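For reference, the structure discussed in these notes is given below.
Predicted model only: the values in this text are computed from it and were never measured.
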Amino acid sequence: MRRLTGFSVAFLAFVLAGCNSEGSSVGSVAPPDTDATIIRVSFNQPEHNPQFIALEQMGERLKERTDGEYEVLIYPNELLGAQRESIELVQTGAIDMAVIVGSLMENFVDEFAVFNLPYVFHSKEHQMNVLNDEQIVSDLYQSLEDDGISVLGAFHGGVRNVYNTRHPIETPADLSGLKIRIIESDTNIQMMRQMGGTGTPMGQGEVYTAIQSGVLDGGENNELIYSSLNHVEIAPYYSYTQHLMVPDYIISSTQLLDGMTEEHKEIFMEEIQFAIDEQVALFDEEVEQSIAAATEAGATFNDVDMEAFQQAVQPVIDSRLQTQEARELYERVQHEANQ
């Protein structure tokens, strides 16, 4: 089990106290004056992200349905650190919940990598059908409970595409020599190498400056993140490689659920599922708006030779399906696509 460093503990106490470097209130994330149990959630994107909105509305419903017993307080924009640090904080019970990209989950249990493989999901509908099918995901989700983590469900995280500072990407050869920011995982490093580029793991909060300074040549993410984090300003070429559809998992400390009554736990899980469904609907609207905003800001969008990229990453898929468990899970995912 990962351990919190002294710095992480001090940083967490500092932020949860609701103060910035000048000692003033952080504002919307300052702990409320209430007798309710506060559920603190770490989130790495801005407040207008559909996942944030869905969680915020979930918190309002939870408060109402539990007669004020619980309040949800969401810390956006990596206020509690990047996602890797947030996992550690959840794991030890220092905070209650976090939204974590699927690529980081495979660092705990190898089989999570199946859901992070290139082109594993055929559509958003296929992905959400799989992630909501208890027969497929229940054992995988429960596998982290001994590490102090409960997987409550998963959001649709959009379709990830490559963007860069130099030129449109049409084939894997066009990525040659380009350093592309990826989420840290062995799968992503192998994937970007096979796609023709060099994958550079980095926290989301550092990417803008890294591209601006030339440390990176680009990144890979969905249109919403690309636009909302203003990466369009420094990397105007957005190419629809559609290489990943990685889930964003909603995780909690096992202590959170253990401390709830059965009634409150049932309400809580119902509201989590409702938030997931709500986020999917919101996401589509935000993507359309993000494309329009990015285009106005100077972005150019282009399609790619999809078959060339699919062929290029096949060795990555083969390399991650070495165990019987992984192969069976992959086959079940593909079977779901044909239903």
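A continuous path of hydrophobic side-chain contacts links Phe268 to Val72 [ILVMFWY only; heavy atoms under 4.5 Å]. In the hydrophobic cluster analysis, where Ile, Leu, Val, Met, Phe, Trp and Tyr join through side-chain heavy atoms closer than 4.5 angstrom, Val99 is grouped apart from Val287. Following chains of ILVMFWY side-chain contacts shorter than 4.5 Å, one can reach Leu131 starting from Ile136, so the two form part of one hydrophobic cluster. Residues Val101 and Leu224 do not share a hydrophobic cluster, defined by chaining ILVMFWY side chains whose heavy atoms lie under 4.5 Å apart. Cluster membership for Val232 and Leu178, using ILVMFWY side-chain heavy atoms within less than 4.5 angstrom, is not shared.
Inspection of the Gln314 and Gln310 side chains reveals no N or O donor paired with an N or O acceptor under 3.5 Å. Of the N and O atoms on the side chains of Glu170 and Ser239, not one donor lies less than 3.5 Å from an acceptor on the other residue. A donor-acceptor pair shorter than 3.5 Å can be found between the side chains of Asn188 and Ser103. Judged purely by distance below 3.5 Å, without hydrogens or angles, the side chains of Gln324 and Glu328 pair a donor atom with an acceptor atom. No hydrogens or angles considered: nothing links the side chains of Gln91 and Asp147 as a donor-acceptor pair under 3.5 Å.
At least one side-chain heavy atom of Thr187 sits less than 4.5 Å from a side-chain heavy atom of Val316. For the pair Ile251 and Met97, the minimum side-chain heavy-atom distance is 4.5 Å or more. Put simply, the side chain of Ser252 does not reach to within 4.5 Å of the side chain of Ile149, judged on heavy atoms. Leu73 has its side chain out of reach of Val41: every pair of non-hydrogen atoms, C-beta onward, lies at least 4.5 Å apart. You'll find the side chain of Val90 reaches within 4.5 Å of the side chain of Ser253, heavy atoms only.
Using cut-offs of 30° and 60° on the angle between ring planes, the pair Phe121 and His126 is perpendicular.
The environment of CD in Glu145 is crowded: more than 12 heavy-atom neighbours from other residues, nucleotides or ligands sit within 6.0 Å. Summarising the local packing, CD of Glu266 is surrounded by 12 or fewer heavy atoms from other residues, nucleotides or ligands at distances under 6.0 Å. Heavy-atom contacts from other residues, nucleotides or ligands closer than 6.0 Å to CD of Glu288 number 12 or fewer.
For Phe283 and His156, the ring centers sit closer than 6.0 Å to each other. Ring-centre distance between His264 and Tyr70: below the 6.0 Å cut-off. Ring centroid separation for the pair Phe309 and Tyr119 does not come in under the 6.0 Å cut-off. Between His231 and Tyr163, the ring center distance clears the sub-6.0 Å criterion.
Nearest heavy-atom pair, Ser150 versus Thr254, reported as atom, atom and distance to 0.1 Å: OG-CG2, 3.3 Å. Residues Ala54 and Gln279 approach most closely at CB-CB, 3.9 Å, considering heavy atoms. Between Phe301 and Ala299, the closest heavy-atom pair is CE1-CB, 3.8 Å.
Atom OG in Ser290 sits 8.0 Å away from atom CG in Asn222 (nearest 0.5 Å). How far CD1 of Ile267 is from CD of Glu69: 10.0 Å, rounded to the nearest 0.5 Å. In this structure, Met245 CE and His243 NE2 are separated by 11.0 Å, a value rounded to the nearest 0.5 Å. The CG atom of Leu80 sits 11.0 Å away from atom CG of Asn44, with the distance rounded to the nearest 0.5 Å. Rounded to the nearest 0.5 angstrom, Met269 CE and Leu257 CG are separated by 7.0 Å. Here the straight-line distance linking atom CD1 of Ile189 with atom CD of Gln194 works out to 13.0 Å at 0.5 Å rounding.
A salt bridge links Glu271 with Arg65; the closest basic N to acidic carboxylate O contact falls under 4.0 Å. Electrostatic pairing of Asp284 and Lys124 counts as a salt bridge here, judged by a charged N lying under 4.0 Å from a carboxylate O. Salt-bridge formation is not detected for the pair Lys63/Glu60: no Lys NZ or Arg NE/NH1/NH2 atom is positioned less than 4.0 Å from an Asp or Glu carboxylate oxygen.
Partners of Asp186 by side-chain contact (heavy atoms from CB on, under 4.5 Å), not counting sequence neighbours, listed by chain and number: Gln190, Arg320.
With Thr92 contributing its side chain and Leu89 its backbone, the two residues share a donor-acceptor pair below 3.5 Å. For Asn164 (side chain) and Asp217 (main-chain N/O), no donor-acceptor pair under 3.5 Å exists by modelled atom type. With hydrogens and angles disregarded, no donor-acceptor distance shorter than 3.5 Å links the side chain of Glu220 to the backbone of Ile180. Listed for the Arg40 side chain is no donor-acceptor partner under 3.5 Å among the backbone atoms of Ile95. Looking at Asn221, its side chain never comes within 3.5 Å of a backbone N or O of Tyr226 through a donor-acceptor pair. When atom types are taken as modelled, the side chain of Ser213 and the backbone of Ala210 share a donor-acceptor pair closer than 3.5 angstrom. Here the side chain of Asp277 pairs no donor or acceptor atom with the backbone of Phe274 at under 3.5 angstrom. Looking only at distances, a side-chain donor or acceptor of Thr241 sits under 3.5 Å from a matching main-chain atom of Val162. Judged by distance alone, the side chain of Arg181 and the main-chain N or O of Thr200 form no donor-acceptor pair under 3.5 Å. Side chain of Asn161 to main chain of Gln242: a donor-acceptor pair is present (N/O by atom type, distance under 3.5 Å, no hydrogens or angles).
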Review point. Where do Gln51 and Asp248 land on the side-chain hydrogen bond (donor to acceptor under 3.5 Å, both in side chains) test, with the steps shown first?
Key: CA-CA 9 Å; Gln51 294 178 1; Asp248 288 324; 2.8 Å; yes

Exercise for review: With side-chain contact (heavy atoms from CB on, under 4.5 Å) as the test, would you mind laying out the steps for Tyr237 and Arg166 before giving the verdict?
Suggested key: CA-CA 7 Å; Tyr237 300 103; Arg166 299 190 189 179; 5.5 Å; no

Review point. Would Val207 and Leu229 satisfy side-chain contact (heavy atoms from CB on, under 4.5 Å), going step by step from the backbone distance to the final call?
Key: CA-CA 9 Å; Val207 176; Leu229 296 184; over 6 Å; no

**Study point:** Worked check of side-chain contact (heavy atoms from CB on, under 4.5 Å) between Val120 and Gln334
**Key:** CA-CA 8 Å; Val120 63; Gln334 297 310 304; 3.7 Å; yes

Exercise for review: Go through the steps for Tyr240 and Glu223 under the test side-chain hydrogen bond (donor to acceptor under 3.5 Å, both in side chains), then give the verdict.
Suggested key: CA-CA 10 Å; Tyr240 278 106; Glu223 302 96 331; 3.0 Å; yes

**Study point:** Verdict with reasoning, Val313 to Met192, per side-chain contact (heavy atoms from CB on, under 4.5 Å)
**Key:** CA-CA 8 Å; Val313 300; Met192 189 53 62; over 6 Å; no

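Remark: of the listed residues Phe112, Phe155, Phe108, Phe115, Phe112 is the sole one forming a ring-ring contact (aromatic ring centres under 6.0 Å, His included) with Tyr249. Checking Glu71, Glu270, Glu278, Glu56 one by one against Arg61, the salt bridge (charged side-chain N to carboxylate O under 4.0 Å, His left out) holds for a single residue, Glu278.
Note on residues 200-223: no pairs pass ring pair (Phe, Tyr, Trp, His ring centres under 6.0 Å), not counting sequence neighbours.
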